[in-house]
Amino acid sequence: SNNCCRLVLRLMSFDKSFIILRRTKASLLASPFLGWSWNVSPTSGQAGAISIIVGFFGGAPTSRSWIIEPFANLGKKVPPYDRAISIVWGADSEVKGNIEKNNKLPRYIVRAGTKDTETWLNENLDLSNLYRQVWPEDNVVRARITFVGFTSVSTAVPTTAKFGDVVLYR
């Protein structure tokens, strides 16, 4: 595709992990879809070295009210969250569409393997549906999306991922 006018964020994994977040306060049901385009380099066996991360607050049964301290969550701190999920490009052995819930940070595998690497692909994901699958006991009506961002684990061999057109929408 022609990328002459597209704003692109190019991320590269290296020997230190990192996270980049964009703060938001969107109702999960009012903006249930996450759309983005990406171009990922082959992973050399490292699944999900660079991934999208989405944080949620308010849907868990133990969540406190967001309104108590409306200005306490500004600045450089990570926005409050009581749930988060990682959206990854998995390794060859992983299956597209699988949700791994056994980690502290659940993972949703959007794509897997090397077939479509080095190609710009558009994705659209229903976050409200994904939230219900991962946390079925939560109150999705109260859930807010508090951040969308990118994270990388440390890798011995660098992996590159380019992201564009990241948007929450209904």
Side-chain angles (χ1 to χ4, degrees), residues 1-13 17-43 46-60 66 73 78-91 94-101 103 105-136 138-153 159-170:
S1 68
N2 182 359
N3 292 315
C4 74
C5 301
R6 173 185 280 178
L7 292 176
V8 172
L9 177 62
R10 182 178 181 265
L11 302 173
M12 182 180 289
S13 67
S17 60
F18 65 84
I19 186 166
I20 301 168
L21 300 177
R22 169 75 188 241
R23 181 183 315 271
T24 184
K25 192 176 174 184
S27 165
L28 180 56
L29 293 182
S31 300
F33 294 99
L34 174 66
W36 74 96
S37 56
W38 58 349
N39 183 327
V40 177
S41 67
T43 61
Q46 176 79 37
I50 299 171
S51 61
I52 296 174
I53 187 167
V54 180
F56 305 94
F57 185 84
W66 180 281
N73 303 312
V78 173
Y81 68 99
D82 49 22
R83 303 280 195 231
I85 191 161
S86 178
I87 300 165
V88 304
W89 191 301
E94 296 177 304
V95 179
K96 175 182 173 179
N98 274 7
I99 300 171
E100 297 175 354
K101 299 183 202 179
N103 301 325
L105 178 64
R107 292 174 10 131
Y108 176 68
I109 302 165
V110 176
R111 294 191 180 267
T114 58
K115 178 178 175 274
D116 292 319
T117 58
E118 302 291 343
T119 304
W120 277 102
L121 298 168
N122 296 320
E123 307 286 358
N124 294 284
L125 181 61
D126 184 343
L127 292 174
S128 64
N129 184 40
L130 184 59
Y131 188 97
R132 284 184 186 104
Q133 290 179 57
V134 177
W135 301 287
D138 282 14
N139 182 345
V140 72
V141 173
R142 290 185 41 207
R144 302 285 179 262
I145 302 167
T146 59
F147 62 79
V148 176
F150 306 95
T151 184
S152 175
V153 296
T159 298
T160 303
K162 299 174 210 160
F163 295 89
D165 310 315
V166 180
V167 63
L168 288 170
Y169 68 97
R170 75 171 310 153

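All values below were derived from every heavy atom in this structure, side-chain atoms included, with hydrogens, water molecules and symmetry-related copies excluded. The residues of the chain are indexed from 1 along the displayed sequence.
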> When rounded to the nearest 0.5 angstrom, what is the spacing between CZ in Phe163 and CD1 in Ile50?
Replying inline: 6.5 Å
> Is Ser41 close to Glu118 at the side-chain level, that is, under 4.5 Å between some pair of heavy atoms?
Replying inline: yes
> Rounded to the nearest 0.5 Å, what separation is found between the CG atom of Leu130 and the CG atom of Leu125?
Replying inline: 5.5 Å
> Between Val95 and Ile109, is a side-chain contact (heavy atoms from CB on, under 4.5 Å) present by the stated rule, with each step listed?
Replying inline: CA-CA 7 Å; Val95 179; Ile109 302 165; over 6 Å; no
> Does some side-chain heavy atom of Ile87 sit less than 4.5 Å from a side-chain heavy atom of Leu34?
Replying inline: yes
> Listed by chain and number, what are the side-chain hydrogen bond (donor to acceptor under 3.5 Å, both in side chains) partners of Asn124, not counting sequence neighbours?
Replying inline: Tyr169
>> To the nearest 0.5 Å, what is the distance between NZ on Lys101 and OH on Tyr108?
In response: 13.0 Å
> If every non-hydrogen atom of Ser37 is compared with every non-hydrogen atom of Asn122, which pair is closest and at what distance?
Replying inline: CB-OD1, 3.2 Å
>> Rounded at 0.5 Å granularity, tell me how far CD1 in Ile85 sits from CZ in Arg107.
In response: 10.5 Å
> Ignoring hydrogens and geometry, is there a side-chain-to-backbone donor-acceptor pair from Thr146 to Pro80 under 3.5 Å?
Replying inline: yes
>> With a 3.5 Å distance limit and no angle check, can you tell me whether Arg142 reaches the backbone of Gly58 through a side-chain donor-acceptor pair?
In response: yes
> Closest heavy-atom contact between Pro106 and Val134?
Replying inline: CG-CG1, 3.9 Å
>> Does Tyr131 have more than 12 heavy atoms from other residues, nucleotides or ligands lying within 6.0 Å of its OH?
In response: yes
> Lys25 versus Phe57: any side-chain heavy-atom pair under 4.5 Å?
Replying inline: no
>> When you compare the side chain of Leu127 with that of Leu168, does any pair of heavy atoms fall below 4.5 Å?
In response: yes
>> Quick check against the 3.5 Å criterion: does Thr151 have a side-chain atom that pairs as donor or acceptor with the backbone of Ile20?
In response: no
>> Once side-chain hydrogen bond (donor to acceptor under 3.5 Å, both in side chains) is applied, do any residues pair with Glu123, and if so which ones, sequence neighbours excluded?
In response: Trp38, Arg111
> Do the side chain of Asp138 and the main chain of Arg132 share a donor and acceptor less than 3.5 angstrom apart?
Replying inline: no
> Can you find a pair of side-chain heavy atoms, one from Trp120 and one from Val8, that are under 4.5 Å apart?
Replying inline: yes
> Going by heavy atoms in the side chains, are Pro79 and Leu21 under 4.5 Å from each other?
Replying inline: yes
> Are Asp116 and Trp89 side-chain neighbours, meaning at least one heavy-atom pair lies under 4.5 Å?
Replying inline: yes
> Is any side-chain heavy atom of Phe147 closer than 4.5 Å to a side-chain heavy atom of Ile53?
Replying inline: yes
>> Using 0.5 Å steps for rounding, measure from the CZ atom of Arg83 to the CG atom of Leu28.
In response: 12.5 Å
> Should Phe150 and Ile52 be marked as a side-chain contact (heavy atoms from CB on, under 4.5 Å) after you check the CA-CA gap, both sets of side-chain angles, and the distance that decides it?
Replying inline: CA-CA 4 Å; Phe150 306 95; Ile52 296 174; 3.9 Å; yes
> Ignoring hydrogens and geometry, is there a side-chain-to-backbone donor-acceptor pair from Ser13 to Val153 under 3.5 Å?
Replying inline: no
>> If I compare all heavy atoms of Thr114 with all of Thr117, which pair ends up nearest, and what's the gap?
In response: O-OG1, 2.9 Å
> For the atom pair CG (Asp165) and CH2 (Trp36), what is the distance rounded to the nearest 0.5 Å?
Replying inline: 12.0 Å
> Which residues satisfy the side-chain contact (heavy atoms from CB on, under 4.5 Å) test with Arg170, sequence neighbours excluded?
Replying inline: Pro32
